[in-house]
Amino acid sequence: MSILVLGGAGYIGSHTVDRLVENGYDVAVVDNLVTGHKAAINPKARFYEGDVRDKKFMNDVFDKEDIEGVIHFAAFSVVPESMAKPLKYFDNNTGGMISLLEVMNAHNVKKIVFSSTAATYGEPKQIPIKETDPQVPTNPYGESKLAMEKIMHWSDVAYGIKFVALRYFNVAGAKPDGSIGEDHHPETHLVPIILQVASGERDELTIFGDDYDTPDGTNVRDYVHVLDLADAHILALKYLQAGHDSDAFNLGSSTGFSNKQMLDAARDVTGKPIPAKMGPRRAGDPSTLIAASDKARKVLGWKPQFDDVHEIIKTAWNWKQTHPKGYDDQKGNK
Ligand code: NAD
Ligand code: UDP
């Protein structure tokens with residue numbers, strides 16, 4: 001039987017497909033390549049190009065494949081864009097989930113592992129953030145993902161479709177051999193932007209705000225390596241295969257790094273000066289986001305391998321140096 005990975009050509013999806021293949025799983029990928037790259041997909045996985053919201057296309061994929069479970073990464077995830085275009089986010093993310101669950105139910109596929117996010121919590125009342133803390137998103141992206149969690153809950157109640165919602169904190173890094181990595185256009189995440197400056201592609205980094213209530217005034221975030229995240233998806237699949245109930249888990253390191261500390265770490269790793277200036281706050285940024293991740297460790301048996309941001313940045317820098325133009329450096333890719 002196969003595992004169907006939706007959004008498997010994207011940053012986190014491609015690393016998860018790679019780890020699934022390495023662990024002996026039979027993998028099929030659906031992606032419409034709206035932000036993903038065909039060259040990122042491990043060639044041992046079967047690729048179907050199409051949209052999760054296209055029910056005819058999805059029914060065909062489910063007819064062709066003998067699917068045991070679904071891992072669902074396919075979504076839009078840029079917070080400022082979601083503020084300007086909320087309906088685009090509810091359509092693709094939330095609408096995509098409704099179509100998907102209908103097709104899964106029609107084909108009697110009852111297991112789904114889902115990319116949720118720390119953005120479902122909004123401005124936290126306490127740090128570290130626990131899974132049971134209130135979920136009050138401060139932007140349409142987080143709201144679209146919270147709605148997807150709720151839709152899965154009611155589909156479990158009605159149809160017995162079991163889910164694991166994995167709430168990622170800040171994902172960074174790349175496969176250490178440099179064969180796959182992060183390649184978004186435009187890039188909005190801190191680590192790849194810092195490395196664009198290190199490589200000379202961008203003049204300087206703008207740090208969004210140094211007047212927050214944190215030790216150095218800049219935002220504090222919790223960074224997790226993309227391969228550790230990928231492994232958590234495999235553990236979540238096993239958890240569902242073992243017949244456990246639906247649940248949600250935070251995925252983070254439980255350690256916070258400020259934006260200034262991330263810049264210093266990147267200067268250490270790259271040996272480059274990385275010019276930076278202070279800018280105004282970015283709308284919707286909570287001051288500090290740190291995960292309580294003991295539940296994933298205890299219940300799923302998750303053991304992250306990368307516990308140092310220097311190591312995480314090193315793998316992202318290796319990808320950047322070997323692929324300065326991202327997947328455009330590879331032949332036959334869009
Ligand atoms: P990404 O944009 O690199 O990957 C998303 C993939 O889904 C892309 O390959 C895209 O082409 C595909 N896709 C989007 N809509 C689709 C549709 N309707 N049909 C088929 N394919 C579609 O993003 P990513 O950074 O890899 O994030 C993956 C998931 O993780 C997203 O759901 C995101 O919300 C979630 N997430 C990411 C982070 C992070 O730090 N990157 C943090 C929290 C949660
Ligand atoms: N950030 C920044 N400059 C940039 C990009 C990001 O200062 O050019 C900050 C951002 O304000 C936040 C942190 O880096 O405090 C992480 O942002 P990112 O977009 O990577 O992830 P998020 O925390 O929004 O999921």
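This structure is a prediction, so every number in the text was calculated from the model and none was measured. Every heavy atom of this structure was used, including side-chain atoms; hydrogens, water molecules and symmetry mates were not. All ligand and atom numbering here is 1-based and tracks the order in the structure.
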Inset, instruction - Quick one: do Asp231 and Arg19 satisfy salt bridge (charged side-chain N to carboxylate O under 4.0 Å, His left out)? Show the steps, please. - result: CA-CA 7 Å; Asp231 286 343; Arg19 290 296 288 157; 2.8 Å; yes
Legend entry - side chain to side chain donor-acceptor pair (under 3.5 Å) involving Tyr89 - partner list, sequence neighbours excluded: Glu81
Inset, instruction - Flag the pair Lys260 and Asp264 as a salt bridge only when some basic side-chain nitrogen lies within less than 4.0 angstrom of an acidic carboxylate oxygen. - result: no
Inset, instruction - Decide, yes or no, whether a salt bridge links Lys85 with Asp91 under the criterion of side-chain N to carboxylate O below 4.0 Å. - result: no
So if I count the atoms of ligand 2 from 1 in the order they appear, which ones are less than 4.0 Å from some heavy atom of [X]?
{"X": "Asn219", "answer": "11 (O), 12 (C), 15 (O)"}
{"X": "Arg221", "answer": "15 (O), 23 (O)"}
{"X": "Ile193", "answer": "8 (O)"}
{"X": "Ile207", "answer": "7 (O)"}
{"X": "Asn170", "answer": "16 (C), 21 (O), 22 (P), 23 (O), 25 (O)"}

Inset, instruction - Starting from atom 7 (O) of ligand 2, locate the nearest protein heavy atom and write down its residue, its atom name and how far away it is, to 0.1 Å. - result: Phe208 N, 2.9 Å
Inset, instruction - Looking only at protein heavy atoms, identify the closest one to atom 11 (O) of ligand 2 and say how far it is in Å. - result: Asp285 OD2, 2.6 Å
Under a 4.0 Å heavy-atom limit, does [X] contact ligand 2 with its side chain, its backbone, both, or neither?
{"X": "Thr188", "answer": "backbone"}
{"X": "Met262", "answer": "neither"}
{"X": "His189", "answer": "both"}

Of [options], which has the heavy atom at the shortest distance from [atom]?
{"atom": "atom 3 (N) of ligand 2", "options": "Val191, Thr206, Leu190", "answer": "Thr206"}
{"atom": "atom 18 (P) of ligand 2", "options": "Arg282, Arg281, Glu204", "answer": "Arg282"}
{"atom": "atom 13 (C) of ligand 2", "options": "Leu205, Val79, Asn259", "answer": "Asn259"}

Legend entry - Neighbour list for ligand 1 [protein residues, heavy atom under 4.0 Å]: Gly7, Ala9, Gly10, Tyr11, Ile12, Asp31, Asn32, Leu33, Val34, Thr35, Gly36, Gly50, Asp51, Val52, Arg53, Phe73, Ala74, Ala75, Ser77, Asn92, Ser115, Ser116, Thr117, Tyr141, Lys145, Tyr168, Phe169, Val171, His184, His189
Legend entry - Within 45° cone and under 6.0 Å: Lys88 NZ/CZ vs Phe76 ring: yes
Inset, instruction - For atom CG of Asp213, decide whether the heavy atoms of other residues, nucleotides or ligands shown that lie under 6.0 angstrom number more than 12. - result: no
Legend entry - Donor on one side chain, acceptor on other, Ser144 and Thr94, under 3.5 Å: no
Legend entry - Any side-chain donor near an acceptor of the partner, Glu311 and Gln305, under 3.5 Å: no
Inset, instruction - Verify the ring-centre separation between His233 and Tyr168: is it less than 6.0 angstrom? - result: yes
Inset, instruction - Decide whether an N or O pair under 3.5 Å exists between Tyr223 and ligand 2. - result: no
Legend entry - side-chain contact (heavy atoms from CB on, under 4.5 Å) partner of Tyr141, the single match among Val79, Val78, Thr120: Val79
Legend entry - Audit row: Glu187, Arg202, salt bridge (charged side-chain N to carboxylate O under 4.0 Å, His left out) steps and yes/no: CA-CA 11 Å; Glu187 192 49 76; Arg202 216 182 251 255; over 6 Å; no
Legend entry - From OG (Ser116) to OH (Tyr121), nearest 0.5 Å: 7.5 Å
Inset, instruction - Can you label the angle between the Phe62 ring and the His107 ring as parallel, tilted or perpendicular, going by 30° and 60°? - result: tilted
